[in-house]
Amino acid sequence: IFTHFGNVTITTSELCNNVAEQGGAMYLDVSSDVTVSHDILCANTAVSSGNTATGGAFYVNESDLNITNTVIAENTAEADGGAIFSASTSVVDLVNNTIVGNEVTAGAGGDAALQFNDGNVDITNNIIAYSVTTQGFAHDDNVVSPSGSNNAWFSNDDGDATGYTLVDAVTTDPLLADYTMDADCSNDTFWPDCFSPVHNAGNGAILDPDPGTGVGASASDIGAYGGPDAGAIGIGGTDPWTVFGDADPHPFMDDCDDA
């Protein structure tokens with residue numbers, strides 16, 4: 001998908017197994033304003049003849065990108081930004097997403113699954129984990145100091161983040177219900193299992209559909225299945241907040257999320 005001076009909303013969709021020289025799934029170019037929610041972006045690839053391709057899932061240039069309640073998994077870029085590469089004067093907001101297993105194959109130094117080279121970025125309530133041969137997040141000096149908090153960072157090969165202070169972070173295994181890195185998201189379950197540390201660990205100003213009871217239970221879960229708009233993701237996805245009968249995303253009527 002390429003957008004230039006465009007306003008685009010993508011929701012409950014799946015963008016998988018696409019290939020491009022920049023932005024394997026989507027290229028935002030000059031004054032584009034794009035909203036992505038409740039989607040799956042999986043196994044997209046940015047590849048070129050000179051090993052310089054960036055943005056496995058998204059390439060953002062002088063544009064605004066807002067992503068919520070979305071899974072960005074196992075995308076690959078040669079040089080940088082296994083999941084997202086943000087170039088000139090862009091604004092990127094990432095809230096309540098699961099960003100896992102993204103890879104940079106030919107980069108050297110400073111490369112990251114989430115790479116921001118210019119503009120503004122806010123990352124809040126995201127799971128950023130299992131990045132392959134790269135770190136989770138990086139930015140250069142042209143980025144206004146990145147903001148956000150309450151992200152979950154785990155097992156990113158080259159470290160979690162450069163130039164970003166981990167505020168109220170979870171740094172242990174997010175315990176996704178059923179996830180394997182096999183470039184096939186159709187056999188994965190990305191919501192956290194019953195004992196995951198991301199439950200109720202999100203920013204206290206962002207609430208889940210079920211406020212729950214007990215200490216901290218009103219806070220959002222971290223990841224794509226948390227936040228006020230949490231629900232089904234992708235085409236025909238399951239809404240774990242309703243399907244299990246007790247207004248929480250766990251497959252038992254009485255479980256560890258019930259106080």
Side-chain angles (χ1 to χ4, degrees), residues 16 24 36 39-44 55-58 67-77 80-85 92 94-105 107 111-116 121-139 146 148-203 206 220-227 230 233-234 240 249:
C16 303
V36 174
D39 300 304
I40 296 174
L41 293 96
C42 181
N44 300 289
F58 294 96
I67 307 177
T68 57
N69 297 112
T70 288
V71 172
I72 306 173
E74 299 180 35
N75 302 282
T76 301
D80 218 342
I84 299 172
F85 184 88
V92 179
L94 305 174
V95 180
N96 278 110
N97 302 290
T98 297
I99 304 167
V100 294
N102 298 286
E103 180 176 5
V104 175
T105 58
D111 52 323
L114 302 172
Q115 177 70 39
F116 299 91
V121 56
D122 178 271
I123 52 174
T124 297
N125 285 6
N126 301 282
I127 296 173
I128 303 164
Y130 313 120
S131 301
V132 179
T133 64
T134 190
Q135 60 189 318
F137 172 94
H139 72 89
S149 66
N150 299 83
N151 297 288
W153 309 83
F154 184 73
S155 194
N156 297 293
D157 278 356
D158 289 348
D160 292 327
T162 296
Y164 176 78
T165 302
L166 306 187
V167 178
D168 295 326
V170 171
T171 56
T172 54
D173 191 337
L175 297 176
L176 301 181
D178 186 8
Y179 173 60
T180 54
M181 292 178 60
D182 59 2
D184 180 7
C185 291
S186 68
N187 60 7
D188 296 314
T189 302
F190 289 100
W191 60 69
D193 81 5
C194 183
F195 299 102
S196 171
V198 306
H199 291 305
N200 304 321
N203 187 296
I206 301 174
S220 166
D221 291 355
I222 296 173
Y225 287 93
I233 291 175

Using the side-chain hydrogen bond (donor to acceptor under 3.5 Å, both in side chains) criterion, which residues pair with [X]? Sequence neighbours excluded.
X	result
Ser131	Asn156
Thr68	none
Asn44	Asn18, Asn75
Thr70	none

Under a 3.5 Å distance rule, please check whether [X] uses its side chain to pair with a backbone N or O of [Y] as donor and acceptor.
X	Y	value
Thr124	Gly148	no
Thr165	Val167	no
Asn151	Asn125	yes
Asp193	Phe195	yes
Ser220	Gly227	yes
His139	Gly163	yes
Gln115	Ile84	no
Asn97	Ile99	no
Asp122	Val92	no

Disulfide bond (SG atoms under 2.5 Å apart) against Cys16, all qualifying residues, sequence neighbours excluded: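 Per chain and number, Cys16 pairs via disulfide bond (SG atoms under 2.5 Å apart) with no residue.
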
How would you list, by chain and number, every residue that makes a side chain to side chain contact (heavy atoms under 4.5 Å, CB included) with [X], sequence neighbours excluded?
X	value
Ser155	Tyr130
Asn69	His38, Asn96, Asp229, Ala230
Asp157	Val132, Thr133
Ala43	Asn17, Ala183

Measure the shortest side-chain to side-chain distance between [X] and [Y] over non-hydrogen atoms and say whether it is less than 4.5 angstrom.
X	Y	answer
Asp160	Ile128	no
Leu175	Pro192	no
Phe154	Ile127	no
Met181	Glu74	yes
Val100	Asn102	no
Val95	Asn126	no

Would you please classify the geometry between the Tyr225 ring and the Trp191 ring as parallel, tilted or perpendicular, with 30° and 60° separating the classes?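 Ring orientation of Trp191 relative to Tyr225: perpendicular.
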
Any idea how Phe137 and Trp153 line up, ring-wise: parallel (<30°), tilted (30 to 60°), or perpendicular (>60°)?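 Ring orientation of Phe137 relative to Trp153: perpendicular.
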
Given Thr180 and Asp188, is the side-chain contact (heavy atoms from CB on, under 4.5 Å) satisfied, shown in steps? CA-CA 7 Å; Thr180 54; Asp188 296 314; 3.5 Å; yes

Nearest heavy-atom pair of Val104 and Gly82: which atoms, and what distance?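 It is CG2-N, 3.6 Å.
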
Assess the residue pair Ser149 and Asn203 against the criterion (side-chain hydrogen bond (donor to acceptor under 3.5 Å, both in side chains)); give the C-alpha distance rounded to whole Å, side-chain angles, the decisive distance to 0.1 Å, and a yes or no. CA-CA 7 Å; Ser149 66; Asn203 187 296; 3.3 Å; yes

Ring pair (Phe, Tyr, Trp, His ring centres under 6.0 Å) with Phe85: which residues, sequence neighbours excluded?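 Tyr59.
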
